[in-house]
Amino acid sequence: MYIGYARVSTQGQTLESQLELLGKANCSKIYKEVASGARSDRPHLQALLKGLEPGSTLVVTRLDRLARSTIDLLTTIKQIAERECMFKSLADPWADTTTPAGRLMLTVLGGLAEFERELIKARTSEGRERAKRAGVRMGRRPKLSAHQIAEVRDRKRLGESVRFLARSYGVSPNTISRVR
């Protein structure tokens, strides 16, 4: 069973041409959506993915109707495959998991996307290490200055309560508790 998905980004755009192509592709049901492709919370797409029955094929007119990036596309195709379903893009014959060549192409793309993620992770890690060596402090700025921390230590030694100190410095009691 072929199930279609048609999406436009704004109310001013029309779904007509996509609906016509999906109809010609023998889609028995077509999910329609008006939402930006950059949004990951597209309710009609989520409903479609949850409702896929094993053996079904999700059909789109073009890949950009389904996903905005390669990683997004591969994630969605993985969800489709986990439901024992296929995927087909009418304008992109290489993106068709109903054929061995299409599955090969998507496997290669998946490998490239994973390689790209690993490269990004390595570059980010190297950049963080360089910044640390240069003296850049990572993470959030401390809520209390060094002077305030010294004051909190003294006041805690004098027996002032953590809650009172937290209110007087405008921070949470947990922040005061961490001062040793």
Side-chain angles (χ1 to χ4, degrees), residues 1-132 134 136-141 143:
M1 171 166 67
Y2 284 166
I3 299 170
Y5 177 70
R7 181 190 62 78
V8 291
S9 298
T10 64
Q11 291 289 353
Q13 295 174 323
T14 177
L15 291 165
E16 286 178 34
S17 64
Q18 290 180 60
L19 296 176
E20 184 181 327
L21 289 169
L22 292 170
K24 286 180 182 175
N26 297 321
C27 292
S28 57
K29 185 171 186 180
I30 300 172
Y31 287 77
K32 302 170 220 156
E33 191 145 51
V34 177
S36 169
R39 289 183 52 188
S40 59
D41 62 332
R42 291 179 268 159
H44 294 281
L45 177 60
Q46 295 310 315
L48 182 156
L49 293 173
K50 285 182 184 153
L52 282 175
E53 294 178 13
S56 298
T57 300
L58 171 58
V59 181
V60 294
T61 55
R62 291 191 338 248
L63 287 176
D64 67 345
R65 300 298 87 202
L66 183 66
R68 190 63 141 214
S69 67
T70 304
I71 291 173
D72 186 29
L73 174 66
L74 293 171
T75 301
T76 304
I77 290 174
K78 182 179 179 205
Q79 289 176 317
I80 294 166
E82 286 170 352
R83 299 194 69 88
E84 298 177 21
C85 297
M86 301 290 185
F87 170 75
K88 183 176 190 167
S89 170
L90 299 175
D92 310 287
W94 58 267
D96 180 353
T97 64
T98 65
T99 67
R103 287 192 295 276
L104 172 66
M105 282 302 296
L106 289 168
T107 301
V108 170
L109 271 180
L112 290 171
E114 186 175 331
F115 178 67
E116 181 183 11
R117 278 193 301 273
E118 291 299 321
L119 286 177
I120 290 168
K121 198 162 54 171
R123 283 194 305 264
T124 303
S125 207
E126 289 168 6
R128 195 173 14 258
E129 289 303 315
R130 256 193 324 276
K132 282 181 183 178
V136 174
R137 216 175 108 65
M138 299 293 181
R140 290 173 47 178
R141 294 198 180 282
K143 293 275 186 179

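Predicted model only: the values in this text are computed from it and were never measured.
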Less than 4.5 Å apart, any side-chain heavy atom of Thr76 and any of Phe87? no

For Arg103 and Thr98 the tightest heavy-atom approach is NH1-C, 3.6 Å

Heavy-atom pair with the smallest gap, counting every atom of Cys85 and Gly55: SG-N, 4.2 Å

Nearest heavy-atom contact between Ile80 and Met86 is CG2-O, 3.4 Å

Looking only at heavy atoms, the pair that brings Ser89 and Leu63 closest together is OG-N, 3.6 Å

Side chain to side chain contact (heavy atoms under 4.5 Å, CB included) evaluation trace for Leu52 with Gln79: CA-CA 10 Å; Leu52 282 175; Gln79 289 176 317; over 6 Å; no

Under a 4.0 Å N-O cut-off, is there an ion pair linking Glu118 with Lys121? yes

Counting C-beta onward and ignoring hydrogens, is there a side-chain heavy-atom pair between Leu58 and Leu66 closer than 4.5 Å? yes

I'd like a table of donor-acceptor pairs (distance under 3.5 Å, sequence neighbours excluded) in which one partner is a side-chain atom from residues 27-34, with atom names and distances.
unit_1	atom_1	unit_2	atom_2	d
Ser28	OG	Tyr2	O	3.2
Lys29	NZ	Tyr31	OH	3.4
Glu33	OE1	Tyr5	OH	2.6
Glu33	OE1	Leu45	N	3.2
Glu33	OE2	His44	N	2.7

Is the number of heavy atoms from other residues, nucleotides or ligands within 6.0 Å of CD (Glu16) greater than 12? no

Of all the heavy-atom pairs spanning Arg42 and Asp72, show the shortest one and how long it is. NH2-OD2, 3.9 Å

Can you pull the salt bridge (charged side-chain N to carboxylate O under 4.0 Å, His left out) pairs that have at least one residue in residues 76-97, sequence neighbours excluded? Lys78-Glu82

Donor-acceptor check, side chain of Arg65 to backbone of Ala6, threshold 3.5 angstrom: yes or no? no

For Glu53, give me all partners under salt bridge (Lys or Arg N to Asp or Glu O under 4.0 Å), at least two apart in sequence or on another chain. none

Between Val108 and Trp94, is any pair of side-chain heavy atoms under 4.5 Å apart? no

Can you find a heavy atom in the side chain of Leu22 that is under 4.5 Å from one in the side chain of Leu90? yes

